[in-house]
Amino acid sequence: MTKSGRSLRLGRLFKTDETPLFLVPLDHTVTDGPFTDARGYDALLGILADNGADAIVVHKGRLRLLPRSVYAKLSVVVHLSASTKYAADPTFKYQVAEVEDCLRRGADAVSAHVNIGSLTEDRQLRSMAEVADACDRVGLPLLAMLYPRGPGIMDHPQLETLLHAASLAVDLGADIVKLPIGGSVATMKRVVDSCPIPVLAAGGAQVSDHQFGAFVADVMTSGARGLAAGRNLFMAPDPAAKVREVRRLLSFPIDDSHHQDTPPLAASGNGQMGIPTTLDLDRQERVR
């Protein structure tokens, strides 16, 4: 049977039905500005490619700058959504690229971001639905990044909003959904089990090595299909070692006896970046 382009590209992301996806978002440069200089960025790409990451998320202009050696080893997801920290409403994610153009440039998949409960939720949902239709036409997988974030969710439990966000991704046509799941393994598992498409856990703000390792293990115990983490990798003192450790945890989660005393993921760490930095992204999980 001949496979579709979409299924072939999904196979580049998920090597097997059991292999977790290790995705590293690098699209922070649009939201927050550069986190390193050009040489440091290239060094980081090499580190990710050589130490166990599966894919990166970038904006369309970065595609032409990727070294061939990196592109050969990493799948590339092009992010279609944008806003900056200077915007009057940073939760308003607007589309800045077209699906067909990203395919022409060499994307393996595209991603779209929606902030559920934001003042512009209607426009963001409509945009993501149109992106899903375009992905169907050209055979490109869609990663939906859905974050309950905005005034509309203030009086609703986090679990309720995460379950709703997962179902929205499915109903609007996404192939994969990235969600800020957290809390207990049981809570994460409820979200994962509710969703018939692969769930990736968002890595969040930078935390201690112990906290992040415990979180990754919890994510895998919950049944999630993988992890999408950036800050906890490229802000580590030794990014290469951190990438290798996360790859190990994704494949062989640590014992779950830590669940009772794992500090909340929202706590902030104070590590130094191993890659030369021009911006401190450690302060919070900023709207992306």
Side-chain angles (χ1 to χ4, degrees), residues 4-14 21 23 25 27 30-31 55 57 59-60 75-83 89-103 107-153 156-181 188 190-202 223-228 287-288:
S4 69
R6 192 173 199 154
S7 65
L8 288 170
R9 293 182 180 99
L10 282 169
R12 269 179 57 80
L13 292 168
F14 296 101
L21 175 60
L23 178 71
D27 54 295
V30 166
T31 306
V57 181
H59 281 275
K60 63 182 182 181
S75 293
V76 180
V77 180
V78 177
H79 199 38
L80 306 182
S81 308
S83 68
D89 179 10
T91 66
F92 178 23
K93 294 295 182 177
Y94 37 87
Q95 190 174 333
V96 294
E98 299 296 330
V99 171
E100 291 84 353
D101 182 49
C102 292
L103 177 63
D108 294 299
V110 295
S111 59
H113 186 127
V114 175
N115 285 317
I116 304 299
S118 64
L119 296 175
T120 56
E121 179 197 86
D122 56 338
R123 282 177 274 180
Q124 295 176 55
L125 286 174
R126 183 171 63 249
S127 176
M128 193 179 81
E130 292 171 350
V131 165
D133 289 343
C135 284
D136 276 338
R137 288 194 297 271
V138 302
L140 206 58
L142 170 60
L143 165 64
M145 301 184 181
L146 294 207
Y147 283 64
R149 184 182 280 153
I153 67 162
H156 298 274
Q158 182 184 35
L159 178 58
E160 173 193 322
T161 59
L162 285 171
L163 289 167
H164 198 160
S167 68
L168 273 171
V170 176
D171 292 334
L172 294 182
D175 298 284
I176 310 166
V177 60
K178 172 188 171 186
L179 298 168
I181 58 175
M188 292 185 191
R190 284 191 61 183
V191 178
V192 172
D193 287 350
S194 76
C195 190
I197 63 174
V199 174
L200 302 183
R225 285 301 309 278
L227 176 74
V287 176
R288 299 183 53 249

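These figures come from a predicted structure and were not determined experimentally.
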Kindly determine whether Asp89 and Thr120 satisfy side-chain contact (heavy atoms from CB on, under 4.5 Å), including the steps that lead there. CA-CA 9 Å; Asp89 179 10; Thr120 56; 4.2 Å; yes
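- No option in Leu142, Leu10, Ile197, Val199 other than Leu10 meets the side chain to side chain contact (heavy atoms under 4.5 Å, CB included) test with Ile176.
- Of the options Asp101, Val99, Val96, a side chain to side chain contact (heavy atoms under 4.5 Å, CB included) to Leu80 is made by Val99 and by none of the others.
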Could you walk me through whether Arg6 and Asp175 pass the side-chain contact (heavy atoms from CB on, under 4.5 Å) test, one step at a time? CA-CA 10 Å; Arg6 192 173 199 154; Asp175 298 284; 2.7 Å; yes
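- Looking at Lys178 and Pro25, their side chains come closer than 4.5 Å, going by heavy atoms from C-beta outward.
- Atom CD of Gln95 has more than 12 neighbouring heavy atoms from other residues, nucleotides or ligands inside a 6.0 Å radius.
- Under the 3.5 Å distance criterion, the side-chain polar atoms of Asn115 are matched with a main-chain donor or acceptor of Thr91.
- Distance check: Ser7 OG to Phe14 CZ gives 13.5 Å after rounding to the nearest 0.5 Å.
- In this structure, the side chain of Ser83 engages the main chain of Pro90 through a donor-acceptor pair within 3.5 Å.
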If you apply the rule side-chain contact (heavy atoms from CB on, under 4.5 Å), what do you find for Leu103 with Arg9, and how did you get there? CA-CA 11 Å; Leu103 177 63; Arg9 293 182 180 99; 3.5 Å; yes
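- In this structure, CZ on Arg190 lies 4.5 Å from CG on Leu159, to the nearest 0.5 angstrom.
- The CG atom of Leu163 sits 8.0 Å away from the OG1 atom of Thr161 when rounded to the nearest 0.5 Å.
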Could you go through His79 and Met145, starting from their C-alpha distance and side-chain angles, then the distance that decides it, and tell me whether this counts as side-chain contact (heavy atoms from CB on, under 4.5 Å)? CA-CA 10 Å; His79 199 38; Met145 301 184 181; 3.6 Å; yes
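- Here the closest non-hydrogen pair linking Ala82 and Val30 is CB-CG1, 3.8 Å.
- Counting non-hydrogen atoms of neighbouring residues, nucleotides and ligands closer than 6.0 angstrom, the NE2 atom of His59 exceeds 12 such neighbours.
- The two residues Ile153 and Pro148 come nearest to each other via the heavy atoms CD1-O, 3.2 Å.
- Rounding to the nearest 0.5 angstrom, the gap separating the CG atom in Leu162 from the SG atom in Cys195 is 11.0 Å.
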